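Report on the structure given below.
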There are 2 protein chains.
Amino acid sequence: MTETIADLYRIKDKFYAAADCIIFGFEGGRIKLLLFRRRVEPLKGEWSLIGSFIRLEEDVSEAAKRVLKEITGLENVFMEQLKAYGKANRDPGFRCLSIAQYALIRINDYDEELVEKHGAHWFDINEVPDLVLDHNQMVADALERLKQKARYQPIGFELLPEKFTIPQLQQLYEAIYRRELDSRNFRKKLLSLNVLIKLDEKDKAGSKRGAFLYKFDHENYQKLLKSGYNFEIA
Amino acid sequence: MTETIADLYRIKDKFYAAADCIIFGFEGGRIKLLLFRRRVEPLKGEWSLIGSFIRLEEDVSEAAKRVLKEITGLENVFMEQLKAYGKANRDPGFRCLSIAQYALIRINDYDEELVEKHGAHWFDINEVPDLVLDHNQMVADALERLKQKARYQPIGFELLPEKFTIPQLQQLYEAIYRRELDSRNFRKKLLSLNVLIKLDEKDKAGSKRGAFLYKFDHENYQKLLKSGYNFEIA
DNA sequence: ATAATAAATGTAAAAAATACGCTCATTCTA
DNA sequence: TAGAATGAGCGTATTTTTTACATTTATTAT
């Protein structure tokens, strides 16, 4: 083993705890990931997930919300714990447990200024650079979780604007599952679930004809859930 | 807020980290949970999951393995992280993060003496007593994970002996899903997956006629996985 | 010999998933 | 302003999967 600069920072006489956030967005048919440049040594300046040490008096989930708000200005977004990363040597500086949480955000809602101020940047999920520590693993695990979860719970909608078209929704699922879906079958399946409300507006960005906008029907979804519903989009 | 005895033990100037294990077994058609009486104040003597503080120099997963071995004598069992529990006030004694991991063990393999020595006891999953801290929540979450996971991955087999009968396997899935399955359809489905090896032996414990024993075909399962297989037992 | 017990098997009907081609509404341009 | 171009939207036939359901078989105990 060779001694590295990082070893100078080892403070391993106690546990530290960090909250790292995997922030997903969706734009232009692509899943995006929000990254920023690490502000502290070691590895200062490298691309990293957004994170923070957890304060002694705050819940882990609160820490994640705090970080998210600091960087993006967003509150009340979908966020769920992924898992804890606890290799003894995962951080060269500290004995630091990281609890990773992933967030799904409507990419146009975030505060662009705040993001820029923090040196953050949206990356296409297929072009994620090398990240510090085990953050690439976290991203991979979060993507896998998203893939699993989207199939049985309507979390995909968290990534779309309030109003969206069926082709947009299909693009999203294609991006999550990484495979093409048949548009006729997709539409049929989605509409049969009875959780979409058709609006009188059209979105003309995608085509000359324009596509009708829909909203997710939270209310009916809850009702259906209670009556033992099996939501599944495969 | 009233002052409790537990407050005397508050040492909240730093993070502690614990590994708690949700240990599942299966016997007599029922899912079982291994619990033991807590050895430290506060709440000494109460029923609790098996756990330990994590040592500064060990991986989180190692800590869980260590605990499991200490109590049951078992190594090399299926174990997977559930999630971290990180409410600031979850433990009245410390600011303690717990990383919960669940294990699936073949109930007859464990070292009975060791278990008794540690004051441990197997409970039917439907008769779990009140546990310390947030351990009941951990159990509920682990059960839910088991239910989800068993559907797409052959982890159920970890709970059965090496050799098992199809009726046993069905009982297990009925216990996990908490619903009855049609025996003809279950058998048909399982055999169609091509991951069971039929043996020449019978198990006569369950009936006069006896049921053929099977083994899980790990090798073929891996092959099938690689060729893009969709394992599903619903 | 016979009664009792759980194991093992097959088939028909219903439901869900898949494959696939044409028309429509609108905009752009010739 | 006619017509070409573009993605939206719809329907049906086929295949696959799931569900529902009843009888026979091997063995043990009486």
Side-chain angles (χ1 to χ4, degrees), chain A residues 28-30 150-152 160-161 163-215 224 227-234, chain B residues 27-30 150-152 160-161 163-175 177-215 224 227-234:
Chain A
R30 303 292 193 133
R151 199 165 153 187
Y152 298 106
L160 292 175
K163 300 174 181 179
F164 51 85
T165 68
I166 292 189
Q168 274 172 358
L169 189 59
Q170 180 177 342
Q171 278 194 317
L172 172 63
Y173 276 93
E174 289 182 330
I176 294 175
Y177 297 154
R178 292 176 169 274
R179 65 187 176 90
E180 291 193 356
L181 303 171
D182 180 275
S183 66
R184 291 154 292 190
N185 295 334
F186 182 82
R187 180 182 295 269
K188 203 187 320 173
K189 178 75 202 243
L190 260 291
L191 291 175
S192 77
L193 294 174
N194 284 313
V195 292
L196 296 186
I197 298 170
K198 187 174 183 174
L199 304 176
D200 268 340
E201 301 168 68
K202 281 188 168 185
D203 172 59
K204 302 219 165 157
S207 73
K208 291 166 182 170
R209 181 179 176 176
F212 277 104
L213 287 163
Y214 288 80
K215 282 199 304 186
L224 291 168
S227 60
Y229 196 57
N230 187 27
F231 179 93
E232 181 171 348
I233 301 176
Chain B
E27 196 175 40
R30 302 292 195 134
R151 199 165 155 189
Y152 298 106
L160 292 174
K163 300 173 182 180
F164 53 85
T165 68
I166 291 189
Q168 274 172 357
L169 189 58
Q170 181 177 341
Q171 277 194 318
L172 172 63
Y173 275 93
E174 289 181 331
Y177 297 154
R178 292 173 168 276
R179 65 188 176 90
E180 291 193 355
L181 302 171
D182 180 275
S183 66
R184 292 156 291 190
N185 294 336
F186 182 82
R187 180 183 295 270
K188 203 188 320 172
K189 178 77 202 241
L190 259 291
L191 291 175
S192 77
L193 293 174
N194 285 312
V195 291
L196 297 185
I197 298 168
K198 187 174 184 174
L199 305 176
D200 268 341
E201 301 167 68
K202 279 187 169 186
D203 172 59
K204 302 220 166 155
S207 73
K208 291 167 182 170
R209 179 179 178 178
F212 278 102
L213 287 163
Y214 289 79
K215 283 198 304 185
L224 291 169
S227 60
Y229 196 55
N230 188 26
F231 179 93
E232 181 170 348
I233 301 176

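Remember, predicted model here, so these are calculated numbers, not experimental data. In the text below, chain A, chain B and the rest are named by the order of the sequence lines, each starting its count at 1.
- The local environment of CD in A/Glu232 is crowded, with over 12 non-hydrogen atoms from other residues, nucleotides or ligands closer than 6.0 Å.
- Spacing between atom CG of B/Leu191 and atom P of C/dA7 amounts to 14 Å, rounded to whole angstrom units.
- Within a 6.0 Å radius of NZ in B/Lys163, no more than 12 heavy atoms belonging to other residues, nucleotides or ligands are found.
- Here C/dT9 presents its C1' atom at 12 Å from CG of B/Asp182, a figure rounded to the nearest Å.
- B/Lys202 comes within 4.0 angstrom of sugar-phosphate atoms only, judged by non-hydrogen atoms across all strands, and of no base.
- When each of D/dA20, C/dA7, C/dA8 is scored by its nearest atom to the side-chain atoms of B/Phe212, the top-ranked nucleotide is C/dA8.
- When each of D/dG11, D/dG9, D/dC21 is scored by its nearest atom to the side-chain atoms of A/Lys188, the top-ranked nucleotide is D/dG11.
- Take the nearest nucleotide of DNA chain D for B/Ala234 and for B/Ser183: the residue whose nucleotide is more 5' is B/Ala234.
- Atom P of nucleotide C/dA6 and atom CG of B/Asp203 are separated by 13 Å, given to the nearest angstrom.
- Neither OP1 nor OP2 of C/dA6 sits under 4.0 Å from any side-chain N or O of B/Arg209.
- Among D/dC21, D/dA5, C/dA4, the nucleotide with an atom closest to any side-chain atom of B/Lys208 is C/dA4.
- Phosphate contact (OP1/OP2 of D/dT18, side-chain N/O of B/Lys189, threshold under 4.0 Å): present.
- For A/Leu190 and C/dA16, the CG to P distance is 16 Å, given to the nearest whole Å.
- When each of D/dC10, C/dG10, D/dG9 is scored by its nearest atom to the side-chain atoms of B/Arg184, the top-ranked nucleotide is C/dG10.
- One finds a side-chain N or O of A/Arg187 lying less than 4.0 angstrom from the OP1 or OP2 phosphate oxygen of D/dG9.
- Enclosure of atom CZ in A/Arg151 by more than 12 non-hydrogen atoms of other residues, nucleotides or ligands within 6.0 angstrom is indicated.
- Computed from coordinates, the A/Asn185 CG to D/dT16 C1' distance equals 14 Å when rounded to whole Å.
- Here B/Lys204 reaches the OP1 or OP2 of D/dT28: one of its side-chain N or O atoms lies under 4.0 Å away.
- Using modelled atom types, one side-chain atom of B/Glu174 and one backbone atom of B/Leu181 make a donor-acceptor pair closer than 3.5 Å.
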